[in-house]
Amino acid sequence: MDRETLVTRLTAIVADSLDRPASEVGRFDSLVADLGAESIDFLDLQFRIESAFGLKFGEEELWRGAFDPADERFVRGGRLTDSALAELERRQPGFRWERFASGVAVSDLPLLITVDSIAAHLAERLTGAAPAPEGRSH
Amino acid sequence: MTAPLAPGARPRRVVVTGLGALSPLGASLASMRAALARGERAEGLPVPGAPGLFAAPAAEFDARLHFRFPKALKLADRKCRLAVAAAAQAVADAGLADDAGREGWAVVLGCSASNLQVDELARALAAPVGGGAEEGDVSRFASQVLEGLNPLWLLVNLPNMAGAHVGIQLEMNGPNQTVTGDRIAGAQAIGEAFLAVAAGDCDVAVAGGADSALDPFDLGCFASERSAGAAPRVLSEAAAVLVLEERSRALARGARIYGELAAFATAPSAELAARRAFRSCGWSDGAPRDVGRASSPGLAAIGDTLAAAGALEAALLLAAAPERGARLEVRVEGAAGQAAVLLFDGTAMTVAPAA
């Protein structure tokens, strides 16, 4: 499945979950900051993605396209390093990075989740480039 | 939040300042009353395979209009949507829709227990078990069910969700309770709210009942309970909500008062409940007198609204503008004979008195 199709399908899923028209769900909108998603909605999205794409999908994988907080190369003192930020800005050019002028703390990571970041990770899952989760994330 | 009464302090007086309701005969109390005045009845559609059983859905309404946070709709089943709509109507009817200061307002609703969305549960159970499953392997069974169910499934069915949805969507953060029971639950909810306002736990409460008998699984249960030759039965759905307010607060803001809630009692029988209620407000020494009995004529025409019945009855009686001093009784009995009684004192005034 090509990236654009993934983005279209995920946009529909996010729109449905957050009760918004698909036209209001921008590819680079922060699900949390721009679309009002809460942790309860991430549970719903995880299940909907599993059902739609026929794979096991852990809730923590919603973050992975944005950034893997366990990656020690990119985290220092609870904040993302400059090189990590630069990499993210490269991956998500449409995201409104000006909101993070003073940097990104690990606690800010949910704000970076977008349809585009989920699509990027899902693409790797579908090709097998990224591994399936080991257990349930209930 | 209001501080509860000091020991020995008198309970406060509680009045009804707003009404809201939906049922098969109308998506508002006004349209419902007009339909009843025209002699209309909820006839419903025949339930397949259940002769004499009919299903009458509520008049069409758009729940989204009343949900400030519409993404919560995916967590709101039919009765929760009806509850939010009726509560919003009641608050508007009380002239409080623009009142942003809802600090400490209580929500108490009565509903039947959910059937746990048994169709979704069945789908999860029907999925093939992974290879090597042994009979009696509980952990494998559990994980199969969990993997097949949306994690939000339980949140739709928790017994306190009607109160939760009303509290969230109408932004009321005071005491919040859902009475889960059978037919008397809505009347109980109004009674519990009455006690809360009287005791000083809150100054304003929205209280009532919301229920829907029309889920296919529930219809199947009702059908299987019927004996041959049983009288026709119309199952329906409804919500009715009252705004209860501390009396001096209502008078001070010039609220339109439908009536005063004088007493509430429950008991294992209707007789006992009535006696208890009458004694508590001192209307008599226990024998009901001078009371216009409830079971408003409208209620039978609306079908069986389960836990919403008592609240709907109260709303219809109060909306009929009882004369000052008219005494109204709402009496609801449950399947096992248990009963709830609410007593109201009519006021028939459009402008509140000065004192």
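Both backbone and side-chain heavy atoms feed into the values below; hydrogens, waters and symmetry mates do not. The sequence lines fix the lettering, A, B, ..., with proteins before strands; numbering per chain opens at 1.
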Checklist line | Interchain contact, Ser17(A) with chain B, by part (heavy-atom threshold 4.5 Å) | finding: both
Next item on the list: Identify the residues of residues 3-14 of chain A whose heavy atoms come closer than 4.5 Å to a heavy atom of chain B, ordered by number, or report 'none'.
Entry: none
Check: Got more than 12 heavy atoms from elsewhere within 6.0 Å of CG, Asp82(A)?
Finding: no
Margin query: Checking an interface table here. Which of residues 208-217 of chain B come within a heavy-atom distance under 4.5 Å of chain A?
Written below: none
Item checked: Test: Lys74(B) and Asp16(A) ion pair at under 4.0 Å -> no
Check: Which heavy atom of Gly36(A) sits nearest a heavy atom of Lys71(B), and at what distance?
Finding: O-CE, 3.1 Å
Margin query: Quick check on the structure: residues of residues 19-35 of chain A within a heavy-atom distance below 4.5 Å of chain B, by number.
Written below: Asp19(A)
Check: Does atom CZ of Arg99(A) have more than 12 heavy-atom neighbours, drawn from other residues, nucleotides or ligands, at distances under 6.0 Å?
Finding: yes
Checklist line | Considering all heavy atoms, the nearest Phe47(A)-Gly148(B) contact | finding: CZ-O, 3.6 Å
Checklist line | Residues in residues 58-70 of chain B that sit under 4.5 Å from chain A, counting heavy atoms only | finding: Arg64(B), Pro70(B)
Note to self: Here's a test for you: under side chain to side chain contact (heavy atoms under 4.5 Å, CB included), which of Leu152(B), Leu155(B), Leu75(B) qualifies with Asp44(A)?
What the structure shows: Leu152(B)
